Protein chains: 4
Amino acid sequence: MSIVEKKEQHRRSILKAALFVFARHGFENTKLHQIAVKSKVGKGTIYNYFRDKVALYQAVVSETMEQLFHVIVARSDIVDNPLQSLTAAIIATFEFFEESPDRYVIYLRYFSDTATSSKKSKVPIVFLNLSIFEPKIRECKAKGFLKPPEAEAEDFVLSFLGIINSFLFRWFSSRKTYDFRAKIPIIAKIFSHGTYKHD
Amino acid sequence: MSIVEKKEQHRRSILKAALFVFARHGFENTKLHQIAVKSKVGKGTIYNYFRDKVALYQAVVSETMEQLFHVIVARSDIVDNPLQSLTAAIIATFEFFEESPDRYVIYLRYFSDTATSSKKSKVPIVFLNLSIFEPKIRECKAKGFLKPPEAEAEDFVLSFLGIINSFLFRWFSSRKTYDFRAKIPIIAKIFSHGTYKHD
Amino acid sequence: MSIVEKKEQHRRSILKAALFVFARHGFENTKLHQIAVKSKVGKGTIYNYFRDKVALYQAVVSETMEQLFHVIVARSDIVDNPLQSLTAAIIATFEFFEESPDRYVIYLRYFSDTATSSKKSKVPIVFLNLSIFEPKIRECKAKGFLKPPEAEAEDFVLSFLGIINSFLFRWFSSRKTYDFRAKIPIIAKIFSHGTYKHD
Amino acid sequence: MSIVEKKEQHRRSILKAALFVFARHGFENTKLHQIAVKSKVGKGTIYNYFRDKVALYQAVVSETMEQLFHVIVARSDIVDNPLQSLTAAIIATFEFFEESPDRYVIYLRYFSDTATSSKKSKVPIVFLNLSIFEPKIRECKAKGFLKPPEAEAEDFVLSFLGIINSFLFRWFSSRKTYDFRAKIPIIAKIFSHGTYKHD
DNA sequence: TATGAATGAGCCTTCATTCAT
DNA sequence: AATGAATGAAGGCTCATTCAT
């Protein structure tokens, strides 16, 4: 294995370990020592790849968010119908978190972190998902598919994102037991047709 | 002023300062020293009222959540119509946070904290709002007001809560500028009638 | 003992220990732990009195230099004859270092530190002794006591200081054995009458 | 270029870089990394030429002092008159430092280093200049050129060295501006004829 | 021989908590 | 009850040194 490959492998190993530990203990309660042990490198080695603990955290967050971004785009783009593509986006998002629930914790913290502006939250990407869904929803709205008319595109995005986040939180809070997939049609129905029955 | 009143006043003062500082810096980055200064008591005095830093944080969180609970219940109970009472709940929630945005940070962190099991998040209350809205929504569902039929009461709660949280986050992220109140009718419409227009 | 007195005692104790350890090991090789042990206080206590290691070092240096300043002024001022007052200054300086040779090391390092401008050497006082001797020597020169005429007052100061430093260094390098006092008349003679014999 | 020459070139390059960096930052604050960069060799390569950081520092110091030694001897030996040869020694010393002021810092630190007994100061040479000037001065004294009679040869050496060091320090402290050369005759006069005028 | 990535001992500093006053 | 000085455990980070390539 070349030295460049080995370095890349180290970097991956550290990031993976960092995701694991940060997700379990949060930024402040994570000790660099834990990450070193988990990734089986010396403590000092981490500093060859990341300037400091904050930089490592930022790398974990931004990598996770970027991966989510790519997954969503890749999955929802293949669908032509914009309404279906939103469903595809939900599935993609869920499977991304299902594959590694640690990612969800990072995702969740990302929101609270951006709300309070401390040093470590200087993650450049802001409100990523919103910007992902926005074009699609704006397209739907432009085509006149969406109501009420006084609602702006952003309102639909917020509603859609809020519902998903809520169900994701529900899923995460009860590991395994909650069947998120079964809820997808319901989520779609509620978002599209509302909840009030007028006979 | 009696001794008891004076003590209670100290306690209030500490809690108020703690809310302020915890909201701005988070649990780990808050120094007890800051709270002592802000509340104008000695550092040691805090320990006469709270066992340790975690207990103080828990007190701040549970008090905030309980206040929110009471505000919602008080406001939504006076309305007879269950649908209207949900709107009342939204307004009550927003005004509660508007009065002191620090509360919103505590509320937001509360969610991420419960996701990761560290010591400080041993806040006994779990998913408070959910349990607030649940009875009302269950009542609506029982009365056959809600669709789709395959959705459980919890699904409505999750959807409703998610949308609100999303707009609250939007409001908080852009202090002042965002007009949350103007969005309440839209939130209600989206939740009740959905977003898809079928002419 | 009042609390203020106790604090002052702590401060003194820390400074004394710091002088001891800094003199023996130099700034970089001194561990705060050593000072804590030597002064019998907890490591953290030091930080109640000095912002950091650099501030402590600066305090040691400036205190030592100021004490030296005062000792020299006090001793040489009582003598009316400016020539005799220089001898008095030598004696005062020597006895100051003799009382605690650690001071000499601080004094010595002070010179090399000021030569190279690093962070820790940001001691405000510059070339202290020089400024002490200068007025006296300037006075002598003004009165026409000194030669050669083309020499400036500063030149005499430099020469005088240089000779003293040289003998002090000699004394310090061979603890105990070197009899500095016996050399004072010789120093005075060399400085005043020179070294070349012209029969 | 032969292998041996190439190795010697590496050694020279490292020593030169080390002089540069050690002079600017002192022993403790110098990072081997800096020297490696400055000398354009790998960090590991340094260890092929010097056992460790201390050995490298010692090599820099002893080389500098030896060069100074040789320069002084070479310059002062060509003069027959012992008094003139002292002046020649001053000039040689000054030009040596003027050529590379970094050397002066090493020279200066050498004195404070020998005062405190740490590991790095285990430089074998002790009080180098002294031993340079001593034979000449001893010769002068033996010939009856020097006074006062109760002064030993060492006293003259110390005085002479002290004055020079003082003026060198003055020169170094104000790079460029101070005209050391102009002071040489004054230094010589003060040393030889003293400072007190007796009409 | 040259390299620089890996290593971990070591240290400064912070801060929750204690306790004498 | 209130205070804040004292404490020391704990952790992020540095950097001399090693060693596989």
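Lettering follows sequence order; numbering is per chain, from 1. A quick note: this is a predicted structure, and the numbers were derived from the prediction, not measured.
The aromatic ring centroids of B:Y107 and B:F97 lie less than 6.0 Å from each other. Taking the six-membered ring where the residue is Trp, the centroids of A:Y57 and A:F22 are separated by under 6.0 Å.
For the pair A:I14 CD1 and E:dT7 C1', the interatomic distance rounds to 12 Å; values are reported in whole Å. With rounding to whole Å, C:I46 atom CD1 is found 13 Å from E:dT14 atom P. We find that NE2 of B:H25 is positioned 11 Å from P of E:dC15, with the value rounded to whole Å. As a whole-Å value, the separation of B:Q9 CD from F:dA2 P is 11 Å. Straight-line distance from the NZ atom of D:K40 to the P atom of E:dA2: 17 Å, rounded to whole Å. Going from atom CD of D:E8 over to atom C1' of E:dT1 covers 16 Å, rounded to whole Å. Counting to the nearest Å, the C1' atom of E:dC11 and the CD1 atom of C:I35 are 13 Å from each other.
The existence of a salt bridge linking A:R103 and A:E63 is excluded, since no basic side-chain nitrogen approaches an acidic carboxylate oxygen closer than 4.0 Å.
With both pairing distances under 3.5 Å, F:dA1 is matched to nothing as a Watson-Crick or G-U wobble pair.
By the 6.0 Å contact criterion, NZ on A:K31 is enclosed, its count of non-hydrogen atoms from other residues, nucleotides or ligands being greater than 12.
When the nearest nucleotides of DNA chain E are assigned to D:H10 and A:K6 by heavy-atom distance, the more 5′-ward of the two goes with D:H10.
Cation-pi contact between C:R24 and C:F20: present, with separation from the ring centre below 6.0 Å and deviation from the ring axis of at most 45°.
With hydrogens and angles disregarded, a donor-acceptor distance shorter than 3.5 Å links the side chain of B:K53 to the backbone of B:F27.
Counting any heavy atom pair closer than 4.0 Å across all strands shown, C:Y49 reaches sugar-phosphate atoms only and no base atom.
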Per-nt protein contacts along nucleotides 10-16 of chain F (heavy atom under 4.0 Å; B base, S backbone sugar-phosphate only, - none) come out as BSSBBSS

